[in-house]
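Working notes, beginning with the structure itself.
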2 protein chains.
Amino acid sequence: MPNGMYGRRRCCEAADGTQRQVGRGRWALVEPLVLAGLASSSRHGYELAQTIEEMTGGLLGVDLGGLYRTLRRLEAEGLVVSEWEQADAGPQRRRYSITADGVAVLQHWREHLAASRDLFARAVDAIDAAVAGVCGADRQDGRSS
Amino acid sequence: MPNGMYGRRRCCEAADGTQRQVGRGRWALVEPLVLAGLASSSRHGYELAQTIEEMTGGLLGVDLGGLYRTLRRLEAEGLVVSEWEQADAGPQRRRYSITADGVAVLQHWREHLAASRDLFARAVDAIDAAVAGVCGADRQDGRSS
DNA sequence: TCAGGTATATGACTACATCACATAGATGAA
DNA sequence: TTCATCTATGTGATGTAGTCATATACCTGA
């Protein structure tokens, strides 16, 4: 289990070892999607942004500035490696590849994201139940009973 | 549509009016769950924390400090109202109720959370597909092809 | 008396993302 | 030839949400 293995707390890891609280980096989608995009093939950043959009069915647009920052952080942590492409034409491009450590972290992220998906599903259901109760009640003054 | 109606950007509202980027408050679970908890009944903060845990099937533990801050912010925005309970015994308790504006925002949150749930589901599927490709490949050196 | 549960609250901090902006090469149109 | 646009990488300032530590105070029971 990669908890604590890569220099900082990641996704589900809380200070007391529990995994019940969220936030503080536990919602991150860009990091796991970067790793997933690089798991299928090495890519440069700009291409990776398009890959992520495709992976999410166009639901998620990635900020390029944040993406490049994430890539350099992941490289500092050893989860990806990069090299400048030698090209005779076009702007300089840095090509990123995932490492074995990156794959391990990605698989850990996968479990966390599935848990997040379930958590959001439960939240939606809870709201549906609560709003159904409100709509069934008799209220005109903008306050619940 | 409550976009921009309540003094600040909320969930899916981006600067350019698009809804494709996430983060910056767009993952929030505590705010909608607070509103959902108050939609079914007026409660005080401590009780609300337990309600939220129950609503999420124990998956989400709420930080009380953050919860009280959220409640006072929502009150400043007019989405909830509160009053001190007059009790002859026990610690002082502030009882919160949701307003009509709060219900409107909650219903907006519901759609956003459903979209987030779908987005996380897509991310999980994308990771599964990417990792399957990696595991099928022939690698020993810790780098993908 | 003292631990532990109930109840509210503030301060310092972190993670993640947004937005604006800078740089630079390539391409194609007016 | 200038100008817009796309490709490509990057920095700086800012904001939101949540974490963690800590403080106060009341109450119950051992």
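Naming convention: chains lettered A, B, ... in sequence-line order (proteins, then strands); numbering from 1 in each chain.
Atom pair R72(A):CZ and dG12(D):P shows a separation of 10 Å (rounding to whole Å applied). For the pair L29(B) CG and dT19(D) C1', the computed distance is 15 Å after rounding to whole Å. Here dT9(D) presents its P atom at 7 Å from CH2 of W84(A), a figure rounded to the nearest Å. Counting to the nearest Å, the P atom of dC6(D) and the CG atom of L64(A) are 13 Å from each other. One atom, CG of L74(B), and another, P of dA9(C), lie 14 Å apart when rounded to the nearest Å. Note: CD (E31(B)) to C1' (dT16(D)) measures 10 Å, nearest angstrom. If you take CG of L48(A) and P of dG10(D), they are 13 Å apart, rounded to a whole angstrom. Rounded to an integer number of Å, the gap from CG of L67(B) to P of dT8(C) is 9 Å.
Residue Y68(B) has a polar side-chain atom (N or O) positioned under 4.0 Å from OP1 or OP2 of dT8(C). Proximity of R69(B) to the phosphate of dA17(D): no side-chain N or O atom is located under 4.0 Å from OP1 or OP2.
Among the heavy atoms of the strands lying under 4.0 Å from G65(A) is at least one base atom, whether or not backbone atoms are also near. R94(B) comes within 4.0 angstrom of sugar-phosphate atoms only, judged by non-hydrogen atoms across all strands, and of no base.
In this structure, R95(B) contributes its side chain and S42(B) its backbone to a donor-acceptor pair below 3.5 Å. Judged by distance alone, the side chain of T99(A) and the main-chain N or O of G78(A) form a donor-acceptor pair under 3.5 Å.
With salt bridges taken as basic N to acidic carboxylate O contacts below 4.0 Å, one links R93(A) and E85(A).
Closest to the side chain of D63(A), out of dC20(D), dC19(C), dT9(D), is dC19(C). Side-chain proximity of A28(A) to the nucleotides dA9(C), dT19(D), dC16(C) is greatest for dC16(C).
Among the candidates L113(A), L119(A), T56(A), the single residue satisfying the side chain to side chain contact (heavy atoms under 4.5 Å, CB included) test with F120(B) is L113(A).
Counting only N and O atoms by type, the side chains of S82(A) and E75(A) include a donor and acceptor under 3.5 Å apart. Side-chain contact annotation: W109(B) with E31(B), donor-acceptor N/O pair under 3.5 Å present.
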Below 3.5 Å is the cut-off: list the nitrogen or oxygen pairs between protein and nucleotides 3-6 of chain C, distance only.
| from | atom 1 | to | atom 2 | distance (Å) |
| --- | --- | --- | --- | --- |
| dT6(C) | OP2 | Y46(B) | OH | 3.2 |

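For the pair L38(A) and R43(A), the minimum side-chain heavy-atom distance is below 4.5 Å.
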